[in-house]
Every structure is written in C-alpha cells, then in structure tokens.
Amino acid sequence: MPKGILIIAIACTRRRLTTDPERGGAWQATNLVDMAKPITKYSGLVRQPERLPEMMRAAFRAALTGRPGPVFIAIPDEMLGMKIDDEKIPVYPSSQYRMTNMGAGDPAWIEEAAELLANAKRPFLHAGKGVLWADASAEFIELSDYLAAGMSTSMGARGAVPEDHPRYFFVFDMQASSLAKNEADVILVVGSRLGEYDGWGSHPAWGKPSEQKTIQIDVDANSIGLNRPVDVGILADAKSALKAILSKVKEKRQARTEMEDLPRYRELTQQTQMQGFQFLMAEPTRGLNPGQMVFNARTFFPRNAVTVLDGGNTTLWGVAFNQIFEPRSFLYSVKMGYLGTGVPFAIGAKLAAPERVVYCITGDGAVGFNIMEMETALRENAQIIVLVAVDDGWGMERSAHNFGGVPAEQQQGVNISGEMRYDLIAQGMGCYGEKVDSVGELPAALQRAVDSGKPALLHVTVDSVLNTDPPGYKQFRYVRTL
C-alpha cells in the first residue's frame, strides 16, 4: 500500500479485551494499527464508538490533504453491532473539517511564474501524478500549447499528455528529452517531486539549477524543492494555478507558434524510434516477439482503453510499445514495481469505469501471484482482457543474470514450468481462455476474447531470448544509479 494511492481501509480486529494491549497467546490477534503506520498517512483504532465520526474525519483529512494517500481504521469486533445515536454525534460536510480547495496560490508567486514563462525562450513543462489527481491535464496542455513548450510526464502520470502530441517527449526518449530539458531556460514542474525515475531533477537528466529557472506547483509543501532547488514554489491546486498562470501569461505575450529547435530534438527521437523498431522487428524462434504482442494489443484496443501493466520485462515492453492517449488510462505500481498487481488493478479499473475497455499486459511469473482473481472478475462481471506473455521464466531475473555475466547453465531460480497453461486455468474458473502461439493469431484471438462477454485470458507464447533483452533495460538500470 504505497503512499500516493488514495485508499480508505477499514478493518475489523479481535475484541479489545484480547488486543488492546495484545494478550499473549490470543488467536488471530496482532497489532494491525502499528503494522499499518509505516505505509499509511493515518492509522488508528476506534476505542469508543462515540469517537468514530471524529476519527473518520481525521482519516479523510489525512487521505485527501496534500499528496493523496492511504489511511487505515481498525474497529474491534465487539463494536460492529453497536448503534450510534446520530443526533448526539455531529457529522460535518467536508468543507468544515478539511481543506477542499487549495486555490491558485499566492498571487505574487503566480505573477512571478508567469513573468518567467512569458519571457522564456525555451520553456519546458513536466507533469507528475498531481496533474491527474487535480484533473488538470487540459490546463497543463493549454499552457504548453500557448508557449509552444516541450512536455514530459513522470511514469505514473502517463496519459496526462497524449503520447502522440507533437511536443511530448516520451519516457524512453531519453536522449531527446534530456537535451530539451538541459537546454530549457525555464522549467515548470507540476505535481511531481522529481523522484528517482525523473533523474531526481538533477543534471544530466535536467539542466543545472544554477543555469535554468525552476517553477514548481504542488499541493504538498514538503514536496516543493525536495529533490531540486526551485526559484518559484507555488503551494496550490494544480488546476487553479495553471489557469491563473496562463491568464497572466496571455497578458504579457502573444502565443508562440513553434518550439525552439524541435526538429533537432526530433532527430534524436527518430534515432530512439529506430532502435525501438529493431527490437520490434526481431524474429522470434518460438512464439511471438513480446513487442509484437504489446504493439498488436495497442493497435487492437480503442484509444481510450485503460492499460494495466504488471511485471518486470513485460512492463518495459509495455512502456515502449503501448502508448497512452488519455488521462486516467494507465495503471502500474510505479512506486514499488510490485508483481501480481495486474489482474486486481484491472478488475478495479473495470468496476470504476465499466463503460471503458480494460486490458492487462502481464507475464507468467507476475500473473501467478493472483491468477485466482480471474474468478473475482467473473463473479463481479468485470470483463477484463489479460494478455500473459509466457516465456516459462522470470524474464527480468534472466536479464539481470545475463547483464551480470552469469552463464545460462549457472543461473538459478529463473525458470517456470513449461507445462503451465494459463488459458486452461482461466477456463477452469469459467472465464474465456485461449492459447496464442504466433503473431498472426493474435488479432482474431483478441476479438474472440472481447466477443465472449466474459473476463478473458490469453496465454501468449513469447520468445524467451528476445524477452531477456527488452527496450529500455539498460536505461532502467542506469537511472537507478543516479
């Protein structure tokens, strides 16, 4: 339960007589509240029923103030049947017990930021997950378009900008993106702490702080200037602040029509694309090229489909060849890179947006953690499509061994039984399942999965050798050394 995900978790504990404090030898008793504290913004035990409303207010305040995050409330089982007289315990609207609108920020900060952006020759805008939390994608893009500024997003914020936008710099487009960020004279960071996969906001992934101006907008004061010094820090709601800045920029200058040196940056982008094309066109000796599996899925599903990524190397293929075009269309455990979250995430997405197509790209190792959740999908009528890249092993572990020079015959714990049939497991639970062994079979198999009207799982055989060398693997390892 990484911080940054909004969850209100309510759990039952054993009766307080055995757990508060814990009595040695009690059955099914443990200190859940203390266990939850390191991974939540608030964790508490309801000891008196009269305090439940107050503690729920505290939970929602913590979860929704600043960076959204999870909270945990434990209720002893003897209280579950208790009645609370609502006339004696006040319940307040949200605006009376927590900040519901941060506003646009200090007008002086907005003015200063607008002045810097209006006078910038090479502005560059970077969106973090806060842009999505604030529903500010349209405002972010509008400001960029007015300034003809380059744009990028954090991994978790994919979809905040359509990834086919002409001035968007893709996550894996590291050469062009780094050069554009280095040469920018003003950068605007919105809703991002510039963490590890943003290069910590440091040179060489970005320009030197002494040589370029940095503006940062965030709802969390502790995030401003956290990893990179800022010239203007704006504590505000991203949507409101972006609107206010654009209004001020329009007072100071006409719209710019072209991004400075964009053709030069795109020459580097084309080099990256050609390298990616080589990965995509490599001929498999068994099954499919994993990139072709991903590329065909993206081509098949509609533009507004929700993509869920799950796995090690499977995720790298998914990032490289599965573009995201709309906000709230991408799910991946970015903070921790967990395995096994794909099917549960996909079910949650489908239940939250039943009108949208939801598909999950995962691997045989990752899907094994929670494949039984396909039964949950069937029971809840959540028609998700799961593509399992089956290479009979732990792909990223094989890559790590190869990268470290460990011969194949000396690699330990990297194989999964080749007898596994994930499609048959899905069928056994009442879902649709099908095995795909060639790229030519995939489009029709995807159509049959959709037409089944059931949660569906495709067992896609992929080439294990190609899967050990996915695009971006070396960059993935390099970024982690910064």
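All values below come from the heavy atoms of this structure, side chains included, with hydrogens, waters and symmetry mates left out.
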Item to check | Residue Phe295 excluded, over 12 heavy atoms near CZ under 6.0 Å | outcome: no

Checklist entry - So, Thr153 versus Tyr168: side-chain donor-acceptor pair below 3.5 Å or not? => result yes

Checklist entry - So, the side chain of Gln427 versus the backbone of Gly433: is there a donor-acceptor pair under 3.5 Å, distance only? => result yes

Item to check | Test side-chain hydrogen bond (donor to acceptor under 3.5 Å, both in side chains) applied to Glu441 - qualifying residues, sequence neighbours left out | outcome: Ser438

Next on the checklist: Could you tell me if the side chain of Leu179 sits less than 4.5 Å from the side chain of Leu268, heavy atoms only?
Outcome noted: yes

Checklist entry - Are the side chain of Arg158 and the backbone N or O of Pro162 linked by a donor-acceptor pair below 3.5 Å? => result no

Item to check | Side chains of Thr307 and Tyr359, donor plus acceptor under 3.5 Å | outcome: yes

Item to check | Atom pair CG (Leu147) and CG (Leu125), whose distance is rounded to the nearest 0.5 Å | outcome: 7.0 Å

Item to check | Heavy-atom pair of closest approach, residues Ser399 and Thr468 | outcome: OG-O, 2.6 Å

Checklist entry - Are side-chain N/O atoms of Ser202 and Arg228 paired as donor and acceptor at under 3.5 Å? => result no

Next on the checklist: More than 12 heavy atoms of other residues, nucleotides or ligands under 6.0 Å from CD of Glu355: yes or no?
Outcome noted: yes

Item to check | CA sep, side-chain torsions, deciding dist, call: Val308, Val358, side chain to side chain contact (heavy atoms under 4.5 Å, CB included) | outcome: CA-CA 8 Å; Val308 181; Val358 178; 4.2 Å; yes

Checklist entry - What class does the angle between the rings of Phe172 and Phe170 fall in, given that below 30° is parallel, 30 to 60° is tilted and above 60° is perpendicular? => result perpendicular

Checklist entry - Between the side chains of Tyr432 and Glu434, does any donor sit under 3.5 Å from an acceptor? => result yes

Checklist entry - Do Asp391 and Ser464 meet the criterion of a side-chain donor-acceptor pair at a distance under 3.5 Å? => result no

Next on the checklist: Looking only at the side chains, is there a donor atom on one of Asp173 and Gln273 sitting less than 3.5 Å from an acceptor on the other?
Outcome noted: no

Checklist entry - Quick one: are Val230 and Ile224 in side-chain contact, heavy atoms under 4.5 Å? => result yes

Checklist entry - Are Arg266 and Phe169 in a cation-pi setup, meaning NZ or CZ lies under 6.0 angstrom from the ring centre and within 45 degrees of the ring axis? => result yes

Checklist entry - Any side-chain donor paired with an acceptor under 3.5 Å for Glu373 and Thr376? => result yes

Item to check | Donor-acceptor contact below 3.5 Å, side chain Lys239 vs main chain Ser137 | outcome: no

Checklist entry - Does atom CZ of Phe60 have more than 12 heavy-atom neighbours, drawn from other residues, nucleotides or ligands, at distances under 6.0 Å? => result no

Checklist entry - Can any side-chain N or O of Lys350 pair as donor or acceptor with the backbone N or O of Arg356 at less than 3.5 Å? => result yes

Item to check | Closest non-hydrogen atom pair between Val334 and Gly156, with its separation | outcome: CG2-CA, 3.7 Å

Next on the checklist: Distance alone, cut at 3.5 Å: any donor-acceptor contact between the side chains of Trp394 and Asp364?
Outcome noted: no

Checklist entry - Does Asn289 use its side chain to pair, donor to acceptor, with the backbone of Phe279 at less than 3.5 Å? => result yes

Checklist entry - How far does CG of Asn296 sit from CZ of Phe301, to the nearest 0.5 angstrom? => result 11.0 Å

Item to check | Leu288 side chain reached by Leu442 side chain, heavy atoms, under 4.5 Å | outcome: yes

Item to check | Donor-acceptor pair between Arg398 and Asn313 side chains, under 3.5 angstrom | outcome: no

Checklist entry - Are a donor atom and an acceptor atom from the side chains of Gln175 and Tyr265 found within less than 3.5 Å of each other? => result no

Item to check | Leu32 side chain near Arg14 side chain, heavy-atom distance below 4.5 Å | outcome: no

Item to check | Asn182 side chain to His203 backbone, donor-acceptor under 3.5 Å | outcome: no

Next on the checklist: Are Leu235 and Asp218 packed together at the side-chain level, in the sense that at least one heavy-atom pair is separated by less than 4.5 angstrom?
Outcome noted: no

Next on the checklist: When you compare the side chain of Glu397 with that of Gln411, does any pair of heavy atoms fall below 4.5 Å?
Outcome noted: no

Checklist entry - Checking Thr314 side chain against Gly311 main chain: does a donor-acceptor pair fall under 3.5 Å? => result no

Checklist entry - Of all heavy-atom pairs between Pro284 and Leu466, which one has the smallest distance, and what is that distance? => result CA-CD1, 3.8 Å

Checklist entry - Can you find a pair of side-chain heavy atoms, one from Met420 and one from Ser417, that are under 4.5 Å apart? => result yes

Checklist entry - Looking at side-chain heavy atoms only, is the closest gap between Glu142 and Leu242 below 4.5 Å? => result no

Checklist entry - Do side-chain atoms of Gln212 reach the backbone of Ala184 as a donor and acceptor pair under 3.5 angstrom? => result yes

Next on the checklist: What I want to find out is whether Glu326 reaches Arg303 closely enough, with some N-O distance under 4.0 Å, to be called a salt bridge.
Outcome noted: no

Checklist entry - Is it the case that His459 and Asp437 place a side-chain donor and acceptor less than 3.5 Å from each other? => result no

Checklist entry - Where is the tightest heavy-atom contact between Arg286 and Val390, given as atom of each residue plus distance? => result NH1-O, 3.8 Å

Item to check | Ser333 versus Tyr338, closest heavy-atom pair with distance | outcome: OG-N, 2.8 Å

Next on the checklist: Nearest 0.5 Å, please: how far is CE in Met374 from NZ in Lys454?
Outcome noted: 11.0 Å

Checklist entry - Which atom names give the shortest non-hydrogen contact between Ser43 and Lys37, and what distance separates them? => result CB-CG, 3.7 Å

Next on the checklist: Quick check for you: to the nearest 0.5 Å, what is the distance between Phe124 atom CZ and Glu183 atom CD?
Outcome noted: 11.5 Å

Checklist entry - Any donor-acceptor pair under 3.5 Å linking the side chain of Ser178 with the backbone of Met174? => result yes

Next on the checklist: Check whether Asp463 reaches the backbone of Gly287 with its side chain - one donor and one acceptor, N or O, closer than 3.5 Å.
Outcome noted: no

